[in-house]
2 protein chains.
Amino acid sequence: MYTIGQVSEMFNLPISTLRYYDKEGLFPGMERQSGIRKFSERELEALRVIECLKKSGLEIKDIKQFMAWCGEGASTYPNRKELFKNRKAIVEAEMVKLQKTLDMLKFKCWYYKTAIYDGNEERLNEMLPDKLPTEIQVLYDNAHS
Amino acid sequence: MYTIGQVSEMFNLPISTLRYYDKEGLFPGMERQSGIRKFSERELEALRVIECLKKSGLEIKDIKQFMAWCGEGASTYPNRKELFKNRKAIVEAEMVKLQKTLDMLKFKCWYYKTAIYDGNEERLNEMLPDKLPTEIQVLYDNAHS
DNA sequence: CCTTGACATAAAGTTAGGTTTAGGTATTAC
DNA sequence: GTAATACCTAAACCTAACTTTATGTCAAGG
């Protein structure tokens with residue numbers, strides 16, 4: 001059993017955030033001892049899932065729904081599975097987008113390295129959009145597709 | 001040369017967003033013809049960079065700074081290169097986090113697939129935290145590290 | 001016994017990044 | 001000539017996810 005201060009340290013989250021999550025119903029049935037929150041292993045795993053679902057772009061109110069399902073037993077297994085399947089698809093799409101972003105950033109790093117070397121962008125402008133060095137062209141094409 | 005409506009369609013962005021970006025100084029020196037914005041190839045490339053930098057987590061005011069640098073010539077090449085280098089590091093770190101998120105989601109998919117098959121979580125609770133099938137254990141460990 | 005520190009609540013405040021509204025201009029279609 | 005479109009501005013509005021503020025309780029240390 002942990003106090004809110006301990007959990008705050010463990011997860012590197014402000015105490016105010018933990019209280020906010022609780023108020024929003026993300027820890028249904030969390031124990032209390034004379035008003036003071038007691039975080040058990042169940043709440044810690046809930047927090048790990050909260051961080052995961054938040055990172056997947058899910059809103060607090062939908063995370064609350066998931067936590068409610070967890071308290072309703074086996075009948076909600078399919079709902080929960082479907083939720084994770086959907087979030088997985090969304091994060092996979094996000095990874096593809098982020099890879100494109102990364103390729104753009106790598107291209108721009110090369111671009112300015114070259115511009116600094118040349119002192120201007122003239123040679124670069126001649127190479128654009130399809131006469132770049134092979135490896136750079138791959139980055140450019142992926143970033144602009 | 002494109003109107004705001006055409007650019008809105010091309011980039012799938014609301015017109016209001018383009019006007020907001022303009023107001024925030026993200027298209028310095030954009031041409032106008034009797035009050036009406038004229039987007040040239042320069043503004044389209046600016047928009048691609050805006051989307052990239054936004055996705056990297058950069059704030060609008062810092063994107064504005066970058067656009068200002070672009071109008072200041074070769075002396076700001078090092079600033080611009082440094083910016084992209086930093087954003088690249090940030091996005092790479094983000095990718096690692098997102099991979100952990102994805103592994104958690106994959107684990108949970110397997111978890112509920114198994115729970116549905118078993119009808120309960122008893123067997124799963126016995127396997128946790130370190131007696132999972134090899135492939136799943138890898139996901140679980142990465143997600144919880 | 002009184003101060004310090006950790007906990008509690010309710011309610012107001014904050015922030016970024018837009019979006020909407022209200023009112024106006026200019027061009028084209030019939 | 002009037003109706004529909006596409007453009008314009010300034011300013012108010014919106015939203016999610018926190019964060020801060022004001023106020024209070026309670027236990028332990030000196």
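Per chain, numbering begins at 1; letters A, B, ... match sequence-line order. If you're wondering where the values come from, they're calculated on a predicted model, not measured in any experiment.
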Open item on the list: For a quick test of reading the model, state the closest non-hydrogen atom pair linking F107(A) to L132(A) and the distance between them.
Closed with: CE1-CD1, 3.9 Å
- [ ] Tell me which residues in residues 91-99 of chain B put a heavy atom below 4.0 Å from DNA chain D, sorted by number, or none.
- [x] none
- [ ] Provide, to the nearest angstrom, the distance between the OH atom belonging to Y2(A) and the C1' atom belonging to dC7(C).
- [x] 19 Å
Task: Contact list for DNA chain C against residues 30-69 of chain B - heavy-atom distance below 4.0 Å - done: K54(B), E59(B), I60(B)
TODO: Would you kindly give the NZ-to-C1' distance between K23(B) and dA12(D), to the nearest whole Å?
DONE: 11 Å
Task: Between dT19(D) (P) and D22(A) (CG): distance, integer Å - done: 16 Å
Open item on the list: If we count only N and O atoms by modelled type, under 3.5 Å, do the side chains of E121(A) and N125(A) hold a donor and an acceptor together?
Closed with: no
- [ ] Please determine if E51(A) and R48(A) form a salt bridge, counting it only when a charged side-chain N lies under 4.0 Å from a carboxylate O.
- [x] no
- [ ] Rounded to the nearest angstrom, tell me the gap between atom CZ in R19(B) and atom P in dC7(D).
- [x] 8 Å
Task: Main-chain N/O of G29(B) paired to R42(B) side chain as donor or acceptor, under 3.5 Å - done: yes
Open item on the list: Side-chain N or O of Y21(B) versus OP1/OP2 of dG17(C): is the shortest distance under 4.0 Å?
Closed with: no
- [ ] Taking the side chain as every heavy atom from C-beta outward, state whether D130(A) and Y140(A) have any atom pair closer than 4.5 Å.
- [x] no
- [ ] Side-chain contact test, heavy atoms from C-beta onward, threshold under 4.5 Å: evaluate it for F39(B) versus M30(B) and give yes or no.
- [x] yes
Open item on the list: How many whole angstroms separate atom CD1 of I4(B) from atom C1' of dA26(C)?
Closed with: 16 Å
Open item on the list: Can you confirm whether M104(B) sits close enough to K108(B) that some side-chain heavy atom of one is under 4.5 Å from a side-chain heavy atom of the other?
Closed with: yes
- [ ] Kindly state which residues belonging to residues 8-17 of chain B come within less than 4.0 angstrom of DNA chain C, counting heavy atoms of the residue only, listed by number.
- [x] P14(B), S16(B), T17(B)
Task: Cluster overlap I36(A) with Y20(A), hydrophobic side-chain contacts below 4.5 Å - done: no
Open item on the list: If I take atom CG in residue L26(A) and atom C1' in nucleotide dC18(D), what distance separates them, rounded to the nearest angstrom?
Closed with: 13 Å
TODO: Heavy atoms only: give me the nearest Y112(B)-C70(A) pair and the separation to one decimal.
DONE: OH-SG, 4.2 Å
Open item on the list: Between P on dT9(C) and CD on E24(A), what's the gap in Å once rounded to a whole number?
Closed with: 13 Å
Open item on the list: Tell me the interatomic distance from Y20(B), atom OH, to dA12(D), atom C1', rounded to whole angstroms.
Closed with: 15 Å
Open item on the list: Looking at every heavy atom in both L98(A) and K55(B), which two are closest together, and how far apart are they?
Closed with: CD1-CG, 4.1 Å
Task: Aromatic plane relationship, F66(A) with F84(A) - under 30° parallel, 30 to 60° tilted, over 60° perpendicular - done: perpendicular
